[in-house]
Amino acid sequence: MGFVTVNAETHAGRQTWRSLPAAQQPEYPDPEALREVIADLESYPPLVFAGECDQLRDRLGAVARGEAFLLQGGDCAEAFDQIAADQIRNKLKTLLQMGAVLTYAASVPVVKVGRIAGQYSKPRSKPTETRDGVTLPTYRGDSVNGFEFTEAARVPDPERLKRLYNASAATLNLVRAFTTGGYADLRQVHAWNQDFVRSSPSGQRYEALAREIDGALNFMHACGADPEEFKTVEFYASHEALLLDYESALTRVDSRTGRLYDVSGHMVWIGERTRQLDHAHIEFASKIRNPLGVKLGPTTTPEEALALIDRLDPDREPGRLTFITRMGAGKVRELLPNLVEKVTASGAQVAWVCDPMHGNTFEAASGHKTRRFDDVLDEVKGFFEVHHGLGTHPGGIHVELTGDDVTECVGGGDEIFVDDLHQRYETACDPRLNRSQSLDLAFLVAEMYRGQ
Ligand SMILES: O=C[C@H](O)[C@H](O)COP(=O)(O)O
Ligand SMILES: C=C(OP(=O)(O)O)C(=O)O
C-alpha cells in the first residue's frame with residue numbers, strides 16, 4: 001500500500017481550497033520561496049499511512065457508537081526545541097497513564113490520540129502583539145515564525161515548514177518506538193500510576209481505584225495471561241489543520257482507494273476560528289478521508305453543526321467526524337444540550353468530545369494566561385451531565401497537557417497558586433495541565449464515568 005504520484009485531477013482536488021477565504025494564514029514576504037518549499041514538501045514521504053488513518057476512523061466509530069472513549073491530549077503548541085526524547089516520553093507516559101485509568105473505570109477501549117507530531121501552528125486572536133510600544137506580528141507557532149519578540153524572528157518563514165515536517169517525523173518515529181517496543185506495557189503503566197497515587201497529595205483518594213486495577217492485573221497474571229495487548233498500545237497523532245499550504249502539500253492519493261489522505265497525521269481538526277462553512281479549511285477537510293475533528297465554541301448554532309455534518313460527513317460514517325466542544329465551564333450546561341439534541345435527532349452519529357481548556361482561559365494579574373483546574377474539571381462534569389441527561393455518549397476529552405511539572409494552570413492536587421505561575425511557565429501559547437494535574441483529571445473523570 002502506498003501513495004501514487006498526483007495526477008492533474010487529484011492535484012486539483014487538493015487545491016480547491018485556494019479559491020476560498022482562508023483565515024489565520026501566514027503572510028509570507030516571498031511567494032516564490034513558499035512555492036519552492038511546497039514543491040519540496042510534495043516530494044517528501046508520508047508521515048502516516050492511509051491504512052492507519054482508516055484504523056483510527058474505525059476506532060472513533062466505536063466512540064461515536066458509545067462503545068469507546070477518546071483521550072486526546074498534548075501540547076498547545078509543540079516547539080522545535082522541545083522534542084528531546086525525555087520530553088516526548090513524559091508526554092506519552094502521562095497519556096498512557098491517563099488511558100489505563102480511564103480504560104479500567106469506563107470498561108471500554110480508550111482511543112489514545114496525541115496532540116503531537118504536527119501541532120506547531122497556532123490560530124491567534126490578534127494579528128499583532130505590542131510590548132513597550134513596539135508592535136510586531138504575533139507568534140503563530142514554530143512552523144510559522146519565532147517566539148522571540150524581534151522583528152526578524154516574527155517574519156513568517158516558509159523554510160520553517162520543512163522543520164515542521166522533520167520535527168514531526170522525528171517525534172512520530174520515537175512515539176512508534178515507545179508504543180510498540182515495550183515501553184507502553186500495561187503493567188509498567190500501572191506501576192507508574194501506583195507511584196503517582198503514593199506520591200501525590202491527592203493520591204489517597206485514588207488508592208481504591210489503583211488497588212482495583214492492581215487486583216485485576218494480578219488476577220490475569222495468576223491465570224497465566226500475558227496477552228500481547230498488554231505489551232503494545234495503539235497511539236495516533238493529531239494536530240490542527242491550520243496551515244493549508246503544508247497540509248495540502250502532504251495530501252496524497254491512496255493507491256488502494258484513489259482517495260485523498262492528509263498524511264501529515266492520522267487525525268486533523270479544524271479550529272474554532274477557521275470552521276466557517278464556506279471557507280478554505282472546511283473545503284480542504286471535506287476532500288480528505290482522514291478522521292476529522294471540529295472545535296465547537298459557545299456561539300455554535302445547531303444549524304451550523306448540522307451543516308458541518310453535511311459538508312464533512314455526507315455519508316454519515318461513524319468515526320469520520322468528532323465534535324470537540326469547548327464551551328466554558330459556565331456555559332456548557334446551558335449551551336451543549338441543544339446542539340446534542342438537534343444533531344442526535346438528525347440521525348448523524350458523531351463522536352462528542354469535551355475540550356475543557358479553551359473556554360476557560362483567563363489572564364492572571366501577573367499577565368500570564370492561565371486556567372483553573374477546577375474550571376477544567378467542571379466543564380468535563382457539565383459535559384458528562386448533559387450527555388447523561390440526554391442519554392447520549394460523553395465520548396472523550398481533548399486536553400492541552402504536558403508530562404512535565406510546569407506551573408501554567410492553577411489548582412489541582414499539587415495546588416498551584418496564581419503567584420506560582422512564573423516559576424515554570426514554559427508554554428509557547430496556551431497554559432497546559434502539568435503531569436500531576438493531568439493524572440488528577442484522569443482519576444476524577446474515571447470516577448465520573450463510574451458514577452454515571
Ligand atoms: O489555542 C488556541 C489559540 O491558539 C489560542 O487560545 C489563542 O490565544 P490568543 O487569544 O492569545 O491569541
Ligand atoms: C486553537 C485551539 O483551539 P480552538 O480552535 O478551540 O480555539 C487548539 O486546540 O489549539
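Every value quoted in this text rests on a predicted model; they were computed, and no experiment measured them. Just follow the structure's listing: the first ligand is 1, and inside any ligand the first atom is 1.
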* To do: Check the pair Leu308, Ile282 against side-chain contact (heavy atoms from CB on, under 4.5 Å), reporting the backbone distance first and the verdict last.
  => CA-CA 8 Å; Leu308 284 165; Ile282 293 299; 3.6 Å; yes

* To do: Locate the shortest heavy-atom distance separating Val63 from Ala351; write the atom from each residue and the value.
  => CG1-CB, 3.7 Å

* Starting from atom 8 (O) of ligand 1, which protein heavy atom do you reach first, and at what distance in Å? -> Lys369 NZ, 2.9 Å

* Geometric N/O contact Asp355 with ligand 2, under 3.5 angstrom -> no

* To do: List the steps and the verdict of ring pair (Phe, Tyr, Trp, His ring centres under 6.0 Å) for His398 and Trp269.
  => CA-CA 11 Å; His398 176 115; Trp269 74 84; 5.0 Å; yes

* Can you check whether Arg289 reaches Asp254 side chain to side chain, under 4.5 Å on heavy atoms? -> no

* Which bit of Glu363 is near ligand 1, meaning a heavy atom under 4.0 Å away: side chain, backbone, both or neither? -> neither

* **Heavy-atom closest contact (Glu400 atom, Arg371 atom, distance)** => OE1-NH1, 2.6 Å

* How far is atom 10 (O) of ligand 2 from its nearest protein heavy atom, and which residue and atom is that? -> Lys122 NZ, 2.6 Å

* Answer yes or no for Arg273: is there a heavy-atom contact with ligand 1 below 4.0 Å? => yes

* Sub-4.0 Å atoms of ligand 2 with respect to non-hydrogen atoms of Pro123 -> 1 (C)

* Ligand-residue contact atoms, ligand 2 with Gly271, heavy atoms, under 4.0 Å -> 5 (O)

* For atom 5 (O) of ligand 2, find the nearest protein heavy atom and state the residue, atom name and distance (0.1 Å precision). => Glu272 N, 2.8 Å

* Asked: Do the side chains of Thr138 and Lys126 get nearer than 4.5 Å, heavy atoms only?
  -> no

* Asked: What atoms of ligand 1 come closer than 4.0 angstrom to any heavy atom of Arg124?
  -> 7 (C), 8 (O), 9 (P), 11 (O), 12 (O)

* Parallel, tilted or perpendicular: ring planes of Phe384 versus Tyr449, cut at 30 and 60 degrees -> perpendicular

* To do: Give the atoms of ligand 2, by number and element, whose distance to some non-hydrogen atom of Glu240 is under 4.0 Å.
  => 1 (C)

* **Minimum side-chain heavy-atom gap Arg372-Cys409 below 4.5 Å** => no

* Asked: Can you find a non-hydrogen atom of Glu272 under 4.0 Å from ligand 1?
  -> no

* Minimum-distance protein heavy atom relative to atom 3 (C) of ligand 1 -> Pro123 O, 3.4 Å

* Asked: Nearest protein heavy atom to atom 10 (O) of ligand 1, by residue and atom, and its distance?
  -> Ser125 OG, 2.5 Å

* Asked: Which of the numbered atoms in ligand 2 are below 4.0 angstrom from a heavy atom of Glu400?
  -> 10 (O)

* **His393 and Phe69 aromatic ring geometry - parallel, tilted or perpendicular at 30°/60° bounds** => perpendicular

* Quick one: which ligand 1 atoms are inside 4.0 Å of a heavy atom on His358? -> 1 (O), 2 (C)

* Judging by distance only, is a nitrogen or oxygen of His398 under 3.5 angstrom from one on ligand 2? -> no

* Considering only protein heavy atoms, which is closest to atom 6 (O) of ligand 1, and at what distance to one decimal place? -> Asp430 OD2, 2.7 Å

* Ring centres of Trp17 and His279 under 6.0 Å apart? -> no

* Is Leu60 close to Met267 at the side-chain level, that is, under 4.5 Å between some pair of heavy atoms? -> yes

* To do: Identify, for atom 2 (C) of ligand 2, the protein heavy atom at the shortest distance, and state residue, atom and that distance.
  => His358 NE2, 3.4 Å

* To do: Please state whether Met357 comes within less than 4.0 angstrom of ligand 2, counting heavy atoms only.
  => no

* Asked: If we only count heavy atoms from C-beta on, is the Met327 to Leu339 side-chain gap below 4.5 Å?
  -> yes

* Structure fact -> Taking only non-hydrogen atoms of Lys295 and a 4.0 Å limit, the atoms of ligand 2 in range are 2 (C), 3 (O), 4 (P), 5 (O), 6 (O), 8 (C), 9 (O)

* Structure fact -> If we number the atoms of ligand 2 from 1 as shown, the ones under 4.0 Å from a heavy atom of Arg326 are 4 (P), 6 (O), 7 (O)

* To do: Just say parallel, tilted or perpendicular for the rings of Tyr139 and Phe147, cut-offs at 30° and 60°.
  => perpendicular

